[in-house]
Amino acid sequence: MNEILQYTVQGLAAGSFYALAALGLAVIFGVLGVVNFAHGACYMLGAVTSAVLLDLVGLNFWLALLVVPVLMFVFGVLLERLLVRHLIALDPLYNFLLTFGLSLLLVDLVKRRYGVSGLPYTRPEILSGVIDVGGVRLPTYQVFVFLFSLLVCALVWLVMTRTRVGMIVRASTEKADLTRALGVDVNRWVTPVFGFGIALAGLAGVLAAPFRAITADMGSSFIIILFAVVVIGGLGSIVGAVVAGFLVGLVEAFGQAYAPTLSQIVIFVLMAVVILIRPSGLFGREENA
Amino acid sequence: MSTKKLVATAAVSATALILSACGGGGPSAGGGDFTDDKVVLAVLNDQSGVYKDLSGPNSVEAVKMAVAYYQEKYGDDAVVDDIEVVSADHQNKPDIANTKAQELYDREKADIILDVPTSSAALAVATQAKEKKKLFVDIGAGTTELTNAQCNKYTFHWAYDTYQLANTTGTAITDAGDKNWEIIYPDYAFGQDMDKSFTEAIEKAGGTVGDHIATPFPNDNFTTFLTKAAADKPDVIGTMQAGGDLINLVKQFNEGGYAQEGIDLAVGLMFITDIHSLGVEAFQGVQFAEAWYWNFDDDNRAWADKFMDRTGTRPSFAHAANYSAALQYLEAVQAEGTDDADTIVGSLEGKKINDVFLKNGEVRAEDHRVIHDVYLAQVKTPDEVSEDWDYENILATIPAADAFMPLDQSTCEMG
């Protein structure tokens, strides 16, 4: 019984991290209709930037949590202004190809500069150690990631549902023409939303730096899991991404515990089952199916 | 196809045929018997993936260093003037390795293929070497199959293997008192082989292995695997992961606080590039098998300095072993005056070698396992490190005869 509890807690901790990482992907798709294949690469850039800034200017983890997402936001804004924007009117396939190409480029550039073995990163001392609650042991850092991810997900959800900005953004995606007719400049919001999505990917990268290998390839397999998360949750759905993130984390943890070699496949079995039952995902809208 | 196109295609094909016929055979400028008038050394390895830093492009540099050394040493007396070094990326996939090996032997006219990390890829190349009757010296892969059931006349295994790793690390750590093991290994040829070899070595030394936990490869979340391994309260968890996977696992092991519970971490296979990337702090005190260390003595250091001038980094044992294998191949070519594979095999078999990599080395004729002294190393603590890349204390030297699988255990039947 204790074992099951342990795996559940671990799965939820991993799940919160998946939820946060997938959130940006869901926001970008929801608002722009762009399937951002470069999300994994942006996650990697977040981690690499943290490690490089730590090495160069001694930027610690706490500051990185603030600074790196801001840098990634600027990077996202540039991407949207210079590239993505010009393809939005075309078939979504064009932006898919663009972001896929971008991810290859980013991975290769990092590989050329920093090699493949990865970069060192020091975890803040306060987040070391293990918290033991009634026999269930959880590394302090995982507890932090869990709480932090939950907080960010809640904030994003609040902004999207409870603020004027969030309402405009949602209205723009639902009925762009009508929103425009009401005097709202829809295009004004596209750029910051894309930048925000990229910033979230970067933030996930900063969180990953202390407990995952910081390598150019770290986003390549991660993006596959993220796509599984957003497909299970329903493309573009913020709540869906969060719920699916937790589901995937749990399925992975129990897979690792009881069918180790199949632990990566079970995620996709879950995805297949969800799509069979609800083609648009758990919280998806019909037109995105 | 139009007539014009047809004629053009025919003309190109004919020219190609004539050209290739011209290139085939003929005596060399140096007077020996050389196919294509040249010697071609091919490095087939991972040029872009997880094993790029530990070997990759810098192994190609190491082989070029061997060629430069050979040319400088023999000057006008060299039996062959034209020595080419080519390389290809097998992406750690056996099917790509198989195709690339064929291309290298047939199209690039490679006389020898070197390196080939990733056991499954190495076994594919060994099969090609056997079929094409061309040399293959493996450095990067660990499987003992290369010199056991799947051994062949044209394949040599130069640097290390899973038996040697297990009989260095597994034995030493069990002898030192860590009797109860759990093993976590990646579920492919290398990991399975490592699990088997370590279990045998540990049991021989009087230890036991509880769970053998197979993990997907590659993988970046090892949290639950570690929890599962630690649940039985072992003395030590042995990880057989390599490259980026190893770094993921070590980070998550440190984070899980298992060391504070008294569980040690033993690493089955580690390269100095792994320590460099994660930093000594994360690995401090970890014991592992080392086939060669750049700062072991003056000779090694002198070579490592030259390597650093060319690459900007210190060499891993794989870099040094690629240099050694290329150099000994060229020495054999020089001695025999030919690049004929059968002659070179004969020249290498049974040869005793001491060079910058091989200490008390011997190319075993019976199974083509190259045996040499290896070391039990320990990662230094941060305050012991006096310069960049100076990360290892050499705890013990395991003599060549003890380090590798004894011949009476080998299942090799050289065809």
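Values in this document were obtained by computation on a predicted structure and should not be read as measured data. Convention: sequence-line order gives letters A, B, ...; per-chain numbering from 1.
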Does any N or O in the side chain of [X] come within less than 3.5 Å of the main-chain N or O of [Y], such that one atom is a donor and the other an acceptor?
| X | Y | answer |
| --- | --- | --- |
| Asn248(B) | Arg212(A) | no |
| Gln252(B) | Phe211(A) | yes |
| Gln256(A) | Asn221(B) | yes |
| Lys111(A) | Ser48(B) | yes |
| Asp53(B) | Gly115(A) | no |

When heavy-atom pairs shorter than 4.5 Å are enumerated against chain A, which of [options] gives the highest number?
| options | result |
| --- | --- |
| Asp220(B), Thr273(B), Ile247(B) | Asp220(B) |
| Ala214(B), Pro57(B), Pro186(B) | Ala214(B) |
| Lys52(B), Glu281(B), His276(B) | Lys52(B) |
| Gly256(B), Gly279(B), Gly56(B) | Gly256(B) |

Distance in Å, [X] [atom1] paired with [Y] [atom2], rounded so as to fall on 0.5 Å steps:
| X | Y | atom1 | atom2 | result |
| --- | --- | --- | --- | --- |
| Ile213(B) | Thr261(A) | CD1 | OG1 | 12.0 Å |
| Asn219(B) | Gln264(A) | CG | CD | 5.0 Å |
| Leu278(B) | Ser117(A) | CG | OG | 10.5 Å |
| Gln6(A) | Thr224(B) | CD | OG1 | 8.5 Å |
| Thr223(B) | Glu252(A) | OG1 | CD | 7.5 Å |
| Lys228(B) | Tyr258(A) | NZ | OH | 8.5 Å |

Contacting moiety of [X], where chain A heavy atoms sit under 4.5 Å:
| X | answer |
| --- | --- |
| Pro218(B) | backbone |
| Gln260(B) | neither |
| Phe271(B) | neither |

Tell me, do Arg123(A) and Lys251(B) make a side-chain contact under 4.5 Å, heavy atoms counted?
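In short, these two side chains do not touch, never coming nearer than 4.5 Å.
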
Do Gln10(A) and Thr227(B) have a side chain donor and acceptor closer than 3.5 Å?
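There is such a pair (donor and acceptor under 3.5 Å, judged by atom type) between the side chains of Gln10(A) and Thr227(B).
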
Select one option (side chain, backbone, both, neither) describing which atoms of [X] are under 4.5 Å from chain B's heavy atoms.
| X | value |
| --- | --- |
| Ile214(A) | both |
| Ala13(A) | neither |
| Ser128(A) | neither |
| Ala259(A) | neither |
| Tyr7(A) | side chain |

Could you tell me whether Arg137(A) and Glu261(B) have a side-chain N and a carboxylate O separated by less than 4.0 Å?
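Salt bridge flag = yes for Glu261(B) with Arg137(A).
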
Only pairs of heavy atoms separated by less than 4.5 Å count here; which of Ala14(A), Pro260(A), Ser263(A) has the most with chain B?
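With the most close heavy-atom pairs to chain B, the winner is Pro260(A).
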
Full working for side-chain contact (heavy atoms from CB on, under 4.5 Å) between Leu119(A) and Ser277(B)
CA-CA 5 Å; Leu119(A) 301 161; Ser277(B) 103; over 6 Å; no

